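Worksheet: the structure to be examined is printed underneath.
In this text the structure is predicted, and so the values were computed from the model without any measurement.
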Amino acid sequence: TATAGNAAAALDGDAATAWTAAPGAALTVDWGEEREFGGLWLDWQPAGRLDYTVELSTDGEAWTPAWTVHGGRGGRALVPLPEASARWVR
């Protein structure tokens, strides 16, 4: 689910249909079952300064901050995450 834009476009692998986030928007991905994460690749449009936090959840209710970026520049970014299991990522 997303708080703005077409959430399906965020995961289709096609940059031409990318999800566009409004300021303060969040994208939540439910993987359907718990899986292990060691990191995520994010593809961003080049931008000024991006500030964001990646959070993980096993139940979709309680969220744990896993990585915070201040002043990111966009483009392709590897987000290293602690070895953790989660069903939801936002």
- Glu36 and Ser85 have their tightest heavy-atom pair at CG-OG, 3.5 Å

- Message: Quick one: does any side-chain atom of Ser57 pair with a main-chain N or O of Trp88 as donor and acceptor, under 3.5 Å?
- Response: no

- Task: Drop me the distance from Leu56's CG to Leu40's CG, to the nearest 0.5 angstrom.
- Result: 7.5 Å

- Sorted by chain and number, sequence neighbours left out, side chain to side chain contact (heavy atoms under 4.5 Å, CB included) with Asp43 holds for Arg76

- Query: Can you name the closest pair of heavy atoms from Trp67 and Leu81 and give their distance?
  - Reply: CB-CD2, 3.9 Å

- Query: In terms of hydrophobic clusters joined by side-chain contacts under 4.5 Å, are Tyr52 and Trp41 together?
  - Reply: no

- Task: Verify side-chain contact (heavy atoms from CB on, under 4.5 Å) between Thr58 and Glu34, making sure each step is shown before the conclusion.
- Result: CA-CA 7 Å; Thr58 57; Glu34 279 193 40; 3.6 Å; yes

- Quick one: do Val89 and Phe37 satisfy side-chain contact (heavy atoms from CB on, under 4.5 Å)? Show the steps, please. CA-CA 10 Å; Val89 177; Phe37 290 92; 3.6 Å; yes

- With sequence neighbours excluded, residues passing salt bridge (Lys or Arg N to Asp or Glu O under 4.0 Å) with Arg87: Asp30

- Message: Applying a strict under-4.5 Å side-chain criterion to I, L, V, M, F, W and Y, I'd like to know whether Val29 and Leu78 cluster together.
- Response: no

- Task: Apply side-chain contact (heavy atoms from CB on, under 4.5 Å) to Val69 and Leu50, showing your working.
- Result: CA-CA 7 Å; Val69 172; Leu50 295 169; 5.8 Å; no

- Item | Atom CH2 of Trp63 with >12 non-hydrogen neighbours under 6.0 angstrom | yes

- Message: My understanding is that only residues two or more places apart in sequence, or in another chain, count here; which of them pass side chain to side chain contact (heavy atoms under 4.5 Å, CB included) with Asp51?
- Response: His70

